Amino acid sequence: MGRGFRIDHVGVTVPDIDAATAFFAAALDAVFLYDVRCRTEEPRSTPEVHGYLGIPSTMAQGAIRMLALPEGPGLELFEYLGPDQHAPATPSDLGWQHVAVYVDDIDAALEKVERAGGVRNSDPRALRGVEAGEGNRFVYTRTPWGSTLELVSYPTPQPYLLTAPRAKWEPWPVPEDAQREPVAALRTAVTTWAGESPFRRGGVDALRPEPTPHWTAAVVGAWRAAVQFGTAVTTRRPRRASIDR
């Protein structure tokens with residue numbers, strides 16, 4: 001305790017809580033934990049409920065269920081009843097509009113999502129820029145009821161870790177972990193920046209079309225720091241997490 005803020009769970013409003021539970025179990029290996037409110041209970045539609053939830057007076061709160069993903073925060077499902085429910089948000093809408101799940105094998109995970117009734121927006125695409133790396137990819141999908149679900153995988157430590165104060169999520173990765181695998185590739189990239197190198201093939205070309213002194217200096221500084229602290233060249237794969245981008 002006492003380590004500051006962390007995500008406890010993510011709330012997802014769904015049209016059918018049982019169908020959504022089946023989807024997340026089949027697609028993401030989610031596990032049922034408990035029901036906060038059951039369908040057999042009377043929906044809640046009082047001024048007090050409308051006030052603390054911030055929902056229209058025409059809507060009522062129905063069933064609530066907590067699931068757990070294999071790693072990461074909980075996934076809380078909600079049913080609301082009434083005439084003023086809008087369609088699922090798209091990535092261009094304001095607000096919290098998608099959930100990203102880290103997966104070890106993006107192709108296998110995408111297949112599971114589709115078997116469970118989800119639909120891909122496209123084929124998996126390479127992460128670019130400061131998230132780039134060999135095998136680092138993402139894909140946006142739609143749940144059966146239309147919400148956006150992203151699958152993301154980055155087996156290669158991402159370049160942003162070389163300069164950022166911390167990783168996007170804990171406990172893995174940390175900047176020291178990111179420096180282990182690419183040290184040899186960084187050495188090649190720094191000394192032969194204009195030519196091909198393993199690190200460039202990993203996607204750093206997407207960071208800047210043309211190298212600039214600012215980025216070169218940052219890479220050199222990070223590489224020297226890694227060498228100075230005796231970082232070993234090892235490979236470490238991340239554990240799965242639930243929330244990402």
Side-chain angles (χ1 to χ4, degrees), residues 1-104 109-110 112-119 140-152 168-172 238-245:
M1 303 299 292
R3 298 187 60 189
F5 299 103
R6 65 182 64 195
I7 295 176
D8 178 77
H9 64 270
V10 175
V12 182
T13 297
V14 299
D16 184 317
I17 206 164
D18 291 326
T21 299
F23 170 76
F24 286 121
L28 303 179
D29 297 331
V31 176
F32 169 82
L33 294 183
Y34 55 86
D35 280 322
V36 179
R37 300 192 78 253
C38 298
R39 277 179 164 174
T40 54
E41 298 180 57
E42 186 71 20
R44 297 196 297 177
S45 182
T46 66
E48 179 188 13
V49 170
H50 297 144
Y52 76 74
L53 288 177
I55 62 175
S57 60
T58 55
M59 300 297 294
Q61 185 184 59
I64 306 174
R65 176 173 295 169
M66 185 69 75
L67 309 181
L69 296 172
E71 294 186 49
L75 194 61
E76 190 172 24
L77 308 184
F78 294 85
E79 279 187 358
Y80 284 93
L81 310 174
D84 288 328
Q85 188 170 63
H86 301 297
T90 67
S92 59
D93 292 322
L94 297 177
W96 310 98
Q97 41 76 7
H98 81 273
V99 173
V101 177
Y102 186 91
V103 297
D104 292 324
L110 178 57
K112 285 188 67 173
V113 167
E114 291 182 318
R115 285 202 308 267
V119 179
Y140 272 33
T141 72
R142 288 280 179 173
T143 65
W145 58 92
S147 294
T148 300
L149 172 66
E150 178 186 356
L151 305 177
V152 63
K168 288 180 286 185
W169 50 272
E170 294 182 300
W172 193 98
R239 297 183 291 178
R240 288 177 294 180
S242 301
I243 307 303
D244 182 18
R245 303 172 60 242

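Nothing here was measured: the structure is a model prediction, and the numbers come from that model.
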Check: residues 81-88 side-chain donor-acceptor pairs under 3.5 Å, at least two apart:
| unit_1 | atom_1 | unit_2 | atom_2 | d |
| --- | --- | --- | --- | --- |
| Asp84 | OD2 | Thr58 | OG1 | 2.3 |

Minimum heavy-atom separation for Tyr140 and Pro91, please, with both atom names. CE2-CG, 3.8 Å
Among residues two or more places apart or on two chains, list those pairs meeting salt bridge (charged side-chain N to carboxylate O under 4.0 Å, His left out) that have a residue in residues 42-64. none
Is any side-chain heavy atom of Arg142 closer than 4.5 Å to a side-chain heavy atom of Thr148? yes
Can you run down the salt bridge (charged side-chain N to carboxylate O under 4.0 Å, His left out) pairs that involve residues 11-21, sequence neighbours left out, and say none if there aren't any? Asp16-Arg39, Asp18-Arg39, Asp18-Arg65
Does any part of the side chain of Val14, heavy atoms only, come nearer than 4.5 Å to the side chain of Thr143, both counted from C-beta? no
Can Leu75 and Thr21 be said to form a side chain to side chain contact (heavy atoms under 4.5 Å, CB included), step by step? CA-CA 10 Å; Leu75 194 61; Thr21 299; over 6 Å; no
Listed by chain and number, what are the side-chain hydrogen bond (donor to acceptor under 3.5 Å, both in side chains) partners of Gln97, not counting sequence neighbours? none
For Thr40, all residues meeting side-chain hydrogen bond (donor to acceptor under 3.5 Å, both in side chains), sequence neighbours excluded: none
Once ring pair (Phe, Tyr, Trp, His ring centres under 6.0 Å) is applied, do any residues pair with Phe23, and if so which ones, sequence neighbours excluded? Trp145
Those residues that, when tested against Leu33, pass side chain to side chain contact (heavy atoms under 4.5 Å, CB included) (two or more places apart): Met66, Ala68
Do Asp29 and Lys112 come within less than 4.5 Å of each other through their side chains, counting heavy atoms only? yes
With Ala22, which residues qualify under side chain to side chain contact (heavy atoms under 4.5 Å, CB included), at least two apart? none
Specify the closest pair of heavy atoms between Pro144 and Ala116, including all atoms of both residues, with the distance to one decimal. CG-O, 4.2 Å
Can you check whether Tyr80 reaches Leu53 side chain to side chain, under 4.5 Å on heavy atoms? yes
Reported CG-to-OH distance for the pair Leu151 and Tyr102, which is rounded to 0.5 angstrom: 12.0 Å
Could you work out, with side chain to side chain contact (heavy atoms under 4.5 Å, CB included) as the rule, every residue matching Val36, not counting sequence neighbours? Tyr34, Ile64, Glu76
Tell me every residue that passes side-chain hydrogen bond (donor to acceptor under 3.5 Å, both in side chains) with Ser45, counting only those two or more places apart in sequence or in another chain. His50
